[in-house]
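In listed order, ligands and their atoms are each counted from 1.
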Amino acid sequence: MNVLMVCLGNICRSPMAEGIWRKHINASCLKVTVDSAGTANNHVNEHPDLRAIEIAKKNGVDISGLKSRQFSVEDFDRFDQIFVMDGSNYQNVISLCRTNDDKSKVRLLLDLLPKQPIREVPDPWFGGMTDFEKVFNLLEDACKEWILHAKFLNNSLSK
Ligand code: 4NP
């Protein structure tokens, strides 16, 4: 299973999501790879925002070595699930779909948390550390739900 996290710049939300997923995957027996990308190209090859690095580090996740890249149409071939942070990312990714199969891979990340009143992971770029912390917690809650579901599927399929 290959999972891709997508936001706008690939320097705040999606690299935090990538690091969180990787940490929880490593702690489980799941065979999952995770990557992240941005729909825009203005931060390509940059490390994550320092605030994202700091909040992640405080929570035991090292994302300092990640580098931003732009989402490309080949990602539909490389990934089974593509999680986007907000409606704008969704529109940008959907506009590149070639087939219904491509489209079926794309979901809003917070669909994993149906009881959560907000549907989009807010962009913390113009915010402060509290905004980054809120985003980190949302991402981790979504990740835990995904891992539970993936473990359940994994167990059912191996029985
Ligand atoms: P991200 O945050 O999409 O979570 O990586 C942003 C980073 C940079 C910009 C916007 C959002 N920007 O406009 O440069």
Side-chain angles (χ1 to χ4, degrees), residues 1-26 32-98 102-147 150:
M1 166 75 71
N2 300 316
V3 181
L4 182 67
M5 301 293 160
V6 178
C7 62
L8 176 62
N10 193 210
I11 55 169
C12 299
R13 293 166 290 178
S14 61
M16 285 198 279
E18 178 182 344
I20 291 166
W21 246 254
R22 194 160 286 142
K23 174 185 165 184
H24 286 272
I25 286 160
N26 285 342
V32 178
T33 67
V34 61
D35 191 12
S36 65
T39 57
N41 65 2
N42 50 330
H43 291 283
V44 165
N45 233 18
E46 288 179 17
H47 290 297
D49 185 283
L50 288 176
R51 297 164 296 178
I53 292 177
E54 190 178 325
I55 289 295
K57 188 176 170 192
K58 205 175 126 193
N59 288 280
V61 179
D62 182 7
I63 58 169
S64 60
L66 299 182
K67 277 194 175 176
S68 171
R69 73 171 179 87
Q70 189 176 22
F71 180 85
S72 78
V73 75
E74 289 79 32
D75 286 319
F76 290 117
D77 302 322
R78 296 174 50 215
F79 295 96
D80 306 293
Q81 295 188 9
I82 298 170
F83 286 110
V84 295
M85 301 295 145
D86 61 33
S88 164
N89 308 149
Y90 185 84
Q91 289 307 328
N92 288 333
V93 171
I94 287 292
S95 71
L96 296 172
C97 285
R98 302 154 302 182
D102 288 352
K103 198 172 174 184
S104 70
K105 296 180 177 185
V106 188
R107 289 171 72 190
L108 275 175
L109 185 76
L110 292 190
D111 283 355
L112 293 169
L113 300 175
K115 290 188 189 140
Q116 167 64 242
I118 60 168
R119 308 303 332 128
E120 304 183 307
V121 180
D123 187 348
W125 169 254
F126 292 108
M129 288 310 275
T130 317
D131 301 288
F132 275 82
E133 193 145 35
K134 276 186 197 151
V135 164
F136 187 95
N137 292 335
L138 262 183
L139 297 172
E140 190 152 53
D141 288 349
C143 178
K144 285 178 183 165
E145 274 306 306
W146 188 89
I147 294 275

> Just which atoms of ligand 1 are under 4.0 Å from any heavy atom in Leu8?
3 (O), 10 (C), 11 (C)
> What atoms in ligand 1 come closer than 4.0 Å to a heavy atom of Arg13?
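So the atoms of ligand 1 that pass are 1 (P), 3 (O), 4 (O).
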> Tell me, please, which residues at least two apart from Asp131 pass side-chain hydrogen bond (donor to acceptor under 3.5 Å, both in side chains).
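Residues passing side-chain hydrogen bond (donor to acceptor under 3.5 Å, both in side chains) with Asp131: none at all.
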> For Ile11, counting its heavy atoms only, list the atoms of ligand 1 lying under 4.0 Å from any of them.
5 (O), 7 (C), 8 (C)
> Is a side-chain N or O of Arg13 found less than 3.5 angstrom from the main chain of Val121, in a donor-acceptor match?
yes
> Measuring from atom CD1 of Ile11 to atom NE2 of His43, what distance do you get when rounded to the nearest 0.5 angstrom?
4.0 Å
> Considering only heavy atoms of Asn42, which atoms of ligand 1 have at least one such atom less than 4.0 Å away?
14 (O)
> Tell me which protein heavy atom sits closest to atom 1 (P) of ligand 1, plus the residue, atom name and distance to 0.1 Å.
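Checking every protein heavy atom, the shortest distance to atom 1 (P) of ligand 1 gives Cys7 SG, 3.5 Å.
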> Can we say Arg22 and Glu18 salt-bridge, meaning some charged N sits less than 4.0 Å from an Asp/Glu carboxylate O?
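Yes.
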> Considering only heavy atoms of Gly9, which atoms of ligand 1 have at least one such atom less than 4.0 Å away?
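Taking each heavy atom of Gly9 in turn, ligand 1 has 1 (P), 3 (O), 5 (O) under 4.0 Å.
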> Before accepting this row, confirm whether a basic side-chain N of the pair Lys23/Asp62 lies closer than 4.0 Å to the acidic partner's carboxylate O.
no
> Should the pair Arg78-Asp75 be classified as a salt bridge under the 4.0 Å nitrogen-to-oxygen rule?
yes
> Note the single closest protein heavy atom to atom 13 (O) of ligand 1, along with its residue, its atom name and the distance in Å.
Trp125 NE1, 4.0 Å
> Parallel, tilted or perpendicular for Trp21 and Phe83, by the 30°/60° rule?
tilted
> Within a distance under 4.0 Å of any heavy atom of His43, pick out the atoms of ligand 1 and give their elements.
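Within the 4.0 Å cut-off of His43, ligand 1 contributes 8 (C), 12 (N), 14 (O).
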> Counting only heavy atoms closer than 4.0 Å, does ligand 1 sit against the backbone of Asp123, its side chain, both, or neither?
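Asp123 to ligand 1: side-chain contact only, backbone stays beyond 4.0 Å.
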> Can you sort out which atoms of ligand 1 are near Cys12, meaning under 4.0 Å from one of its heavy atoms?
1 (P), 2 (O), 4 (O), 5 (O)
